[in-house]
Amino acid sequence: MTSRFLKFCVVGFSGVFVNMAVFSAANNMGCYYITASILSFLVAVSNNFFWNSMWTFKDRQATAGDIHRRYVKFFTISALCLLGNLGLLFFLVEKVGLAHIFSQATAILVMSAANFIGQNLFTFEEKKEEKPVSAS
């Protein structure tokens, strides 16, 4: 579990890089910071799904038909974490008065643990082996 969490964090870090790059570019082009956060999320979530599927949870590979279902689960859990991220981002910027970039990075870090738990339990859940029915 520790190794998997560390891999999840490495993938998450790459996602943070992608997220922050898109967020910064959108923000620098005059995009409202909440809109920039949503755009950066949409790009980063696909990056993270790919790498978590191929590396972090590679031992829990899905069949071709399950990939779509897994992406929907991954996206849903990530979207719920995004709501937490946006709430914290708004609080840090509007109520605490912190800089947009620092607030975004902080919000991402805070939501990482919840995201790992959700993805581990629901998106990349371990398949339970079916026990044969005994004829007694």
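In this structure, the side chain of Gln104 does not engage the main chain of Leu89 through any donor-acceptor pair within 3.5 Å. Side chain of Asn28 to backbone of Ser24: a donor-acceptor contact under 3.5 angstrom is found.
Checking Tyr32, Tyr33, Phe90 one by one against His100, the ring-ring contact (aromatic ring centres under 6.0 Å, His included) holds for a single residue, Tyr33. Checked options Leu82, Val18, Val22; the residue passing with Phe41 is Leu82 (criterion: side chain to side chain contact (heavy atoms under 4.5 Å, CB included)).
Between Val45 and Phe74, the closest heavy-atom pair is O-CE2, 3.4 Å. Taking every heavy atom of both residues into account, Lys58 and Met54 meet most closely at CB-O, 3.5 Å.
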- Query: Does the side-chain contact (heavy atoms from CB on, under 4.5 Å) test come out yes or no for Leu86 and Ile38, once each step is laid out?
  - Reply: CA-CA 9 Å; Leu86 293 175; Ile38 293 168; 4.2 Å; yes
- Run the salt bridge (charged side-chain N to carboxylate O under 4.0 Å, His left out) check on Asp59 and Arg4 step by step: do they pass? CA-CA 11 Å; Asp59 60 317; Arg4 190 179 312 276; 3.0 Å; yes
- List the steps and the verdict of side-chain contact (heavy atoms from CB on, under 4.5 Å) for Phe57 and Thr123. CA-CA 10 Å; Phe57 298 100; Thr123 304; over 6 Å; no
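With rounding to the nearest 0.5 angstrom, the CG atom of Leu42 is 13.0 Å from the CG atom of Asn47. With rounding to the nearest 0.5 Å, the separation of CZ in Arg70 from CD in Glu125 is 6.0 Å. Atom CG in Leu88 sits 12.5 Å away from atom CG in Leu83 (nearest 0.5 Å). In this structure, Phe116 CZ and Cys9 SG are separated by 8.0 Å, a value rounded to the nearest 0.5 Å. The structure places CZ of Phe5 at 7.0 Å from OG of Ser112, a figure rounded to the nearest 0.5 Å. Between the NE2 atom of His68 and the NZ atom of Lys73 there is a distance of 12.5 Å, given to the nearest 0.5 Å.
By the criterion of side-chain heavy atoms lying less than 4.5 angstrom apart, applied directly or through intervening Ile, Leu, Val, Met, Phe, Trp or Tyr residues, Phe122 is grouped together with Ile117 in one hydrophobic cluster. Under the 4.5 Å side-chain heavy-atom criterion for grouping Ile, Leu, Val, Met, Phe, Trp and Tyr, Ile67 is not connected to Val72 through any hydrophobic cluster. There is no path of hydrophobic side-chain contacts, each under 4.5 Å, that joins Leu6 to Met111. By the criterion of side-chain heavy atoms lying less than 4.5 angstrom apart, applied directly or through intervening Ile, Leu, Val, Met, Phe, Trp or Tyr residues, Leu109 is not grouped with Phe8; the two fall into different hydrophobic clusters. The hydrophobic clustering, which links ILVMFWY residues whose side-chain heavy atoms are closer than 4.5 Å, places Val93 and Val16 together.
A 4.5 Å side-chain heavy-atom check between Asn52 and Lys7 finds every atom pair outside the cut-off. The side-chain heavy atoms of Ile77 and Asn115, taken from C-beta on, include a pair separated by under 4.5 Å. The shortest distance between side-chain heavy atoms of Cys31 and Phe23 does not fall below 4.5 Å. By the 4.5 Å heavy-atom criterion applied to side chains, Asn48 and Ser78 are not counted as neighbours. Inter-residue side-chain proximity for Ser103 and Phe91 is flagged as unmet; no heavy-atom pair is nearer than 4.5 Å. The shortest distance between side-chain heavy atoms of Phe50 and Val11 does not fall below 4.5 Å.
A centroid separation of 6.0 Å or more is found between the aromatic rings of Phe49 and Phe75.
In summary, the side chains of Asn120 and Arg60 do present a donor paired with an acceptor at a separation below 3.5 Å, with no hydrogens or angles considered.
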